[in-house]
Q: 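Structure provided below as structure tokens; questions to follow.
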Amino acid sequence: RATGKTNLLAVAVRLANGMCDFMGPPPRHNVVPGHSIGEEALVKLHLLFRERPELKAALGVPVDEGRYLELAEFWIENRGNHEGRKSFEAYGQDHMPVLRQPTIEGHAVRATLLFAGVAAAAVVNGREDYFAAARRIWENMAGRRMYVTGGLGSTARYEGFGPDWFLPNDGYVETCAGIGGAFFSRNMNLAFADARHADALESALVNAIPCSVSLKGDTYYYENPLVSGKDRARWAWHGCPCCPPMLVKVLGALPSYIYARDAGGIWVNLFAGSRARTAVAGAKVEVRQETRYPWEGRVAIGVDPERPVPFGLHVRIPGWCRGAEIALNWKRLEKPETVRGYARIDRTWSRGDRVEVNFPLPVERVTAHPAIEADRGRIALRRGPVVYCIESVDVDGGRARN
């Protein structure tokens, strides 16, 4: 008897099979999505069957996982080719071939979801042109078109990106764009094992995303400008209610963002009370965290392998942090090796091993790049990854600020 999950998977496979039959190189049709999100979904469907081929027999429908990756690649690579179809232009990242685009353009949600798919596909197909495109676009997005909160999309007219350094404090900053940016940064972290990508993910998770939903959890902001007036309020229903399901998606995925692994080790990307079980170097390993981060800077990481096993534990040192202290089994490590923003501890791990990290959390003044005209002469206040919000109730005559 098929389970409910198996039935849903069979539906997804039937849909994917139908799209693969209809869309693609001639004699199939030149069709690409008007709103990106399916690219990464097809890559994940490919991976699911590649890693768990036994699932195919339970579905009762034909499965060819190679076709799903090929269709994702077609959707990515055929933007800019408008033969037989209309163009979505720069608004839909369709103004030129994706793998040659120099900057992130157009509708911010569509763009971030598209390049989340490019990064995911790069990890699977191993193509350098995919890696290069994902790297180039992420650097432009995070380096020149992202708010201090991790918010994205400064222009209301098309819910999208403006030019480099155009980050007005009353900009659009759509909730779903911040979530799409988090997906993109997460996939970049998996592709490159660089702590900067996890820093951007953390900033969105701590600032840009939670500010959009009320503490009660039943009202939302569609837009999240850094400066707003007293009449602005969250809504219980919206004509385009995309924020709640996107929030569910990112929060549902959050447990999988905390840790990562490769053949040689375990990576601690986010700091949250958690427990994970995985396998490294042929041994089962449990990793635990105890922390009140980001309100406190102390993080305790327990490592419990089923037997003594050598591997590297990579602990992210956030880019905002200065003077992190790391101890192994209560002995301070004076100069741990740091690679791409991760402190690496290589050893033969045994049950009961413990790593403690202490991140100093002073309140800091953050200044913007001088090219950002709206922020000249202004500062933001940040403690650890948390960017402070000064509300009108705190400042007489002031305006609410996210």
Side-chain angles (χ1 to χ4, degrees), residues 35-37 39-40 90-93 98 101-119 133-189 196-213 220-228 240 242-243 245-247 249-251 253 257 319 366 368-369 371-372 374-375 380 382 385-387 389 401-402:
H35 197 309
S36 290
I37 197 169
E39 296 85 352
E40 184 178 2
Y91 174 84
Q93 301 74 53
V98 166
Q101 291 180 19
T103 54
I104 193 162
E105 300 293 344
H107 190 273
V109 183
R110 287 167 166 81
T112 52
L113 293 176
L114 170 62
F115 284 99
V118 172
R135 185 188 299 112
R136 182 173 61 249
I137 293 298
W138 189 88
E139 293 289 351
N140 177 248
M141 179 190 78
R144 300 186 175 209
R145 301 188 179 188
M146 179 182 285
Y147 285 91
V148 67
T149 58
L152 296 166
S154 58
T155 302
R157 184 164 55 89
Y158 50 89
E159 299 182 314
F161 291 100
D164 288 352
W165 313 119
F166 180 72
L167 294 166
N169 291 309
D170 60 352
Y172 197 69
V173 200
E174 184 179 340
T175 296
C176 293
I179 295 171
F183 294 151
F184 184 14
S185 293
R186 164 59 174 169
N187 289 350
M188 289 294 289
N189 181 256
R196 295 182 306 139
H197 303 130
D199 287 348
L201 169 64
E202 178 182 71
S203 183
L205 290 171
V206 171
N207 301 296
I209 295 172
C211 76
S212 64
V213 61
Y220 302 86
Y221 282 142
Y222 195 102
E223 309 158 36
N224 300 275
L226 271 64
V227 176
S228 60
C240 181
C242 53
C243 304
M246 284 287 277
L247 280 160
K249 184 176 180 181
V250 72
L251 294 177
Y257 293 173
V366 181
H369 190 283
I372 302 176
D375 289 337
R382 183 180 67 194
V386 179
V387 178
C389 170
R401 299 167 187 244
N402 287 334

Q: For E40 and N187: C-alpha separation, side-chain torsions, deciding distance, then whether side chain to side chain contact (heavy atoms under 4.5 Å, CB included) applies.
A: CA-CA 10 Å; E40 184 178 2; N187 289 350; 3.1 Å; yes

Q: Checking R144 now: which residues fulfil salt bridge (Lys or Arg N to Asp or Glu O under 4.0 Å) with it, not counting sequence neighbours?
A: D164

Q: What is the distance from atom OG of S36 to atom NE2 of H107, rounded to the nearest 0.5 Å?
A: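 Here the rounded value is 11.0 Å.
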
Q: For residues F183 and M246, determine if any side-chain heavy atom of one lies less than 4.5 Å from a side-chain heavy atom of the other.
A: yes

Q: Would you say Y220 and L247 make side-chain contact, with heavy atoms under 4.5 Å?
A: yes

Q: Is the shortest side-chain heavy-atom distance between L251 and I209 below 4.5 Å?
A: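 With C-beta onward as the side chain, the pair stays apart.
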
Q: Quick one: does M146's side chain get under 4.5 Å of F161's, heavy atoms only?
A: no

Q: Which is it for T149 and V206 under the side chain to side chain contact (heavy atoms under 4.5 Å, CB included) test, yes or no, and what are the steps along the way?
A: CA-CA 8 Å; T149 58; V206 171; over 6 Å; no

Q: Are the charged groups of R145 and E105 less than 4.0 angstrom apart, N to O?
A: yes

Q: What residues form a salt bridge (Lys or Arg N to Asp or Glu O under 4.0 Å) with E159, not counting sequence neighbours?
A: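 E159: no salt bridge (Lys or Arg N to Asp or Glu O under 4.0 Å) contacts found.
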
Q: Closest heavy-atom contact between S154 and P168?
A: CB-CD, 3.9 Å

Q: State, with a plain yes or no, whether a side-chain heavy atom of F166 is found less than 4.5 Å away from one of T155.
A: yes

Q: Report yes if some heavy atom in the side chain of H197 is under 4.5 Å from a heavy atom in the side chain of W138; otherwise report no.
A: yes

Q: Under the rule for salt bridge (Lys or Arg N to Asp or Glu O under 4.0 Å), what residues qualify as partners of E202, not counting sequence neighbours?
A: R316

Q: Side chains of T175 and N224: any donor to acceptor distance under 3.5 Å?
A: yes

Q: Would you say Y221 and C211 make side-chain contact, with heavy atoms under 4.5 Å?
A: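 A side-chain contact under 4.5 Å is absent here.
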
Q: Walk me through it: do N189 and Y257 pass the test side chain to side chain contact (heavy atoms under 4.5 Å, CB included)?
A: CA-CA 10 Å; N189 181 256; Y257 293 173; over 6 Å; no

Q: Only one of M141, Q101, M188 passes side-chain contact (heavy atoms from CB on, under 4.5 Å) with F115; say which it is.
A: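 Result: among M141, Q101, M188, Q101 is the only option passing the side-chain contact (heavy atoms from CB on, under 4.5 Å) with F115.
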
Q: Which atoms form the tightest heavy-atom contact between R110 and G92, and what is the distance?
A: CD-CA, 4.5 Å

Q: Of all heavy-atom pairs between V250 and I179, which one has the smallest distance, and what is that distance?
A: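 Taking V250 first and I179 second, the nearest heavy atoms are CB-CG2, 3.8 Å.
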
Q: Using atom types as modelled and distance alone, determine if a side-chain donor or acceptor of D199 lies under 3.5 Å from a backbone N or O of G319.
A: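 Side chain of D199 to backbone of G319: a pair is present.
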
Q: Quickly, which of L167, L152, D375 forms a side-chain contact (heavy atoms from CB on, under 4.5 Å) with Y147? Name it, please.
A: L167

Q: To the nearest 0.5 angstrom, please state how far the SG atom of C242 sits from the NZ atom of K249.
A: 12.5 Å

Q: Backbone N or O of I104 within a donor-acceptor pair of the N140 side chain at under 3.5 Å?
A: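 Confirmed, N140 side chain pairs with I104 backbone.
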
Q: Closest heavy-atom contact between P210 and N207?
A: CD-O, 3.6 Å

Q: Is any side-chain heavy atom of V109 closer than 4.5 Å to a side-chain heavy atom of E174?
A: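 In short, these two side chains touch, coming nearer than 4.5 Å.
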
Q: Say you draw a straight line from OG of S212 to CD of E223; how long is it, rounded to the nearest 0.5 Å?
A: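 It is 12.0 Å, given to the nearest 0.5 Å.
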
Q: Check the pair Y172, Y158 against side chain to side chain contact (heavy atoms under 4.5 Å, CB included), reporting the backbone distance first and the verdict last.
A: CA-CA 10 Å; Y172 197 69; Y158 50 89; over 6 Å; no

Q: Heavy atoms only: give me the nearest E39-L114 pair and the separation to one decimal.
A: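 Shortest heavy-atom contact: OE2-CD1, 3.8 Å.
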
Q: Once you round to the nearest 0.5 Å, how far does SG of C243 lie from OH of Y222?
A: 6.0 Å

Q: Nearest 0.5 Å please: distance from the CD atom of Q93 over to the CG atom of L113.
A: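 Nearest 0.5 Å value for the CD-CG distance: 9.5 Å.
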
Q: Tell me the closest heavy-atom pair linking A108 and G153, and the distance in Å.
A: CB-CA, 3.9 Å

